Amino acid sequence: MNCALLYFSQSGSTLNVAQSIAEGLREGGYRVEIFDITKNPPTDVSRFDLIGIGTPVYYYRLPFNISDYLQNLSGLNRKKTFYFLLHGTYPGDAGMELQDILQSRGAKEPSGMCFFGADFFLGYLQQGVLFSPGRPNETDLEQAKEYGRRMAKGETVQTQPGKLGLIYRLEKLFTNRWLVRHLYSQMFHADKKCISCNRCQNKCPTGNITENKKGKPLWGHNCLLCLTCEAVCPTAAITSPVSWPITKPVMALNVRKAGADPRLDKEKFVRRTN
């Protein structure tokens with residue numbers, strides 16, 4: 001029996017969970033191949049008996065590149081599938097969105113499980129808080145391994161999503177694809193502190209950043225609003241819509257609400273640049 005594990009990971013958390021799930025699947029007799037969807041993943045999975053998809057949660061939904069990839073992936077019809085989500089605070093509607101895509105592509109009703117992952121979202125780090133530090137931890141990874149064992153046995157596992165509050169639904173609405181593609185992606189800016197190190201370009205998961213004639217970063221329309229470019233800039237030269245003063249009250253409200261949730265771990269964070 002063959003399994004394809006397809007994942008998207010920026011900090012390495014989703015990959016770590018994928019590797020633990022693969023261990024459990026292999027213990028259950030599966031041959032497992034792990035694919036990073038940003039690096040020439042398969043376009044057809046018909047040769048596999050089981051398909052797993054792993055992704056972080058962005059703005060309480062799926063990252064656009066995951067949904068695009070699955071919408072164009074062949075060979076899902078009548079396949080057994082499962083997914084795993086990494087989130088620092090709340091998974092939102094990402095699980096339901098993923099289920100809908102898989103079933104629309106003909107896959108059997110998927111299993112799904114959520115795991116905590118350290119939340120390196122820049123909007124929260126700028127508020128001085130890191131949610132879910134050190135996650136996934138050893139306990140999480142053992143649970144992922146057990147999840148793999150259960151998938152190998154053909155069991156169905158389902159994590160029930162929590163109710164998404166009004167403020168989070170509004171944030172999801174205001175970070176929809178059309179706005180990101182046509183508005184926000186054109187509002188990234190690198191100021192005079194930019195040293196043309198290309199770190200932002202090299203770290204962009206969608207290859208959305210090129211160079212202008214002066215060697216400075218130029219943003220296209222294929223943005224995830226992940227803010228990796230801004231986060232990795234060594235001189236803090238990049239600003240984005242999430243860094244605007246108008247968004248700070250929203251970020252502060254999110255941090256305050258999540259910080260009061262006893263289910264969520266958190267620690268103080270100080271962002272430093274070179």
Side-chain angles (χ1 to χ4, degrees), residues 1-39 41-42 44-57 62-63 66-67 69-70 73 75-103 105-119 132-162 263-265:
M1 301 285 280
N2 297 308
C3 175
L5 277 183
L6 313 164
Y7 76 93
F8 170 51
S9 183
Q10 287 193 271
S11 67
S13 296
T14 308
L15 173 58
N16 289 340
V17 171
Q19 291 171 332
S20 294
I21 291 173
E23 287 184 45
L25 285 163
R26 289 175 181 130
E27 288 182 6
Y30 271 84
R31 293 185 293 273
V32 182
E33 294 183 51
I34 304 177
F35 301 95
D36 180 344
I37 72 153
T38 68
K39 299 177 180 178
D44 187 299
V45 290
S46 55
R47 69 183 178 91
F48 295 97
D49 304 291
L50 180 65
I51 317 297
I53 301 97
T55 177
V57 174
L62 291 181
I66 277 282
S67 54
Y69 175 69
L70 294 177
L73 183 62
L76 283 170
N77 192 42
R78 304 185 71 178
K79 292 290 184 179
K80 178 70 175 177
T81 60
F82 68 93
Y83 64 86
F84 49 103
L85 304 176
L86 275 288
H87 59 96
T89 56
Y90 306 111
D93 297 328
M96 290 184 288
E97 186 181 349
L98 193 42
Q99 289 180 53
D100 289 344
I101 293 173
L102 290 171
Q103 290 180 307
R105 303 291 295 159
K108 295 180 181 178
E109 184 175 359
S111 292
M113 192 164 182
C114 295
F115 298 89
F116 281 106
D119 195 337
S132 303
R135 308 291 292 270
N137 55 28
E138 290 184 9
T139 300
D140 297 322
L141 296 179
E142 183 54 43
Q143 289 176 346
K145 188 174 180 180
E146 176 60 22
Y147 183 44
R149 296 188 190 105
R150 296 181 69 178
M151 292 302 97
K153 294 177 182 178
E155 296 182 17
T156 298
V157 179
Q158 201 60 267
T159 299
Q160 296 299 321
R263 299 170 297 176
L264 300 178
D265 296 329

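Because the structure is predicted, anything quoted here is derived from the model rather than measured.
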Output, in order, the C-alpha distance, side-chain angles, deciding distance and verdict of side-chain contact (heavy atoms from CB on, under 4.5 Å) for F84 and V157.
-> CA-CA 11 Å; F84 49 103; V157 179; over 6 Å; no
Side-chain contact, heavy-atom cut-off 4.5 Å: [X] with [Y]?
| X | Y | value |
| --- | --- | --- |
| Y90 | L264 | yes |
| P110 | Q103 | yes |
| I101 | I66 | no |
| P41 | F8 | no |
| E23 | V32 | no |
| N137 | Q143 | no |
| L141 | V17 | yes |
| L25 | M151 | yes |

Closest approach of [X] to [Y] (non-hydrogen atoms, all atoms of both residues):
| X | Y | result |
| --- | --- | --- |
| G95 | L85 | N-CD1, 3.5 Å |
| S132 | G117 | CB-O, 3.6 Å |
| P91 | V57 | O-CG1, 3.5 Å |
| F48 | C3 | CD2-C, 3.5 Å |
| E97 | L62 | OE1-N, 3.2 Å |
| V45 | K79 | O-CE, 4.0 Å |

Measuring from [X]:[atom1] to [Y]:[atom2], what's the distance to the nearest 0.5 Å?
| X | Y | atom1 | atom2 | answer |
| --- | --- | --- | --- | --- |
| N2 | R47 | CG | CZ | 7.0 Å |
| C114 | Y83 | SG | OH | 6.5 Å |
| F35 | Y69 | CZ | OH | 7.5 Å |
| M113 | L86 | CE | CG | 11.5 Å |
| D119 | D265 | CG | CG | 12.5 Å |
| T81 | I51 | OG1 | CD1 | 8.0 Å |

Can you list the steps and then say if M1 with L50 is a side-chain contact (heavy atoms from CB on, under 4.5 Å)?
-> CA-CA 8 Å; M1 301 285 280; L50 180 65; over 6 Å; no
Evaluation steps, side-chain contact (heavy atoms from CB on, under 4.5 Å), between L98 and L70 | CA-CA 9 Å; L98 193 42; L70 294 177; 3.1 Å; yes
Exactly one of K80, R150, E155 clears side chain to side chain contact (heavy atoms under 4.5 Å, CB included) with S111, and that residue is K80
Specify whether F116 and H87 have parallel, tilted or perpendicular ring planes, treating 30° as the upper limit for parallel and 60° as the lower limit for perpendicular.
-> tilted
Walk me through it: do E142 and R149 pass the test salt bridge (charged side-chain N to carboxylate O under 4.0 Å, His left out)?
-> CA-CA 11 Å; E142 183 54 43; R149 296 188 190 105; 3.5 Å; yes
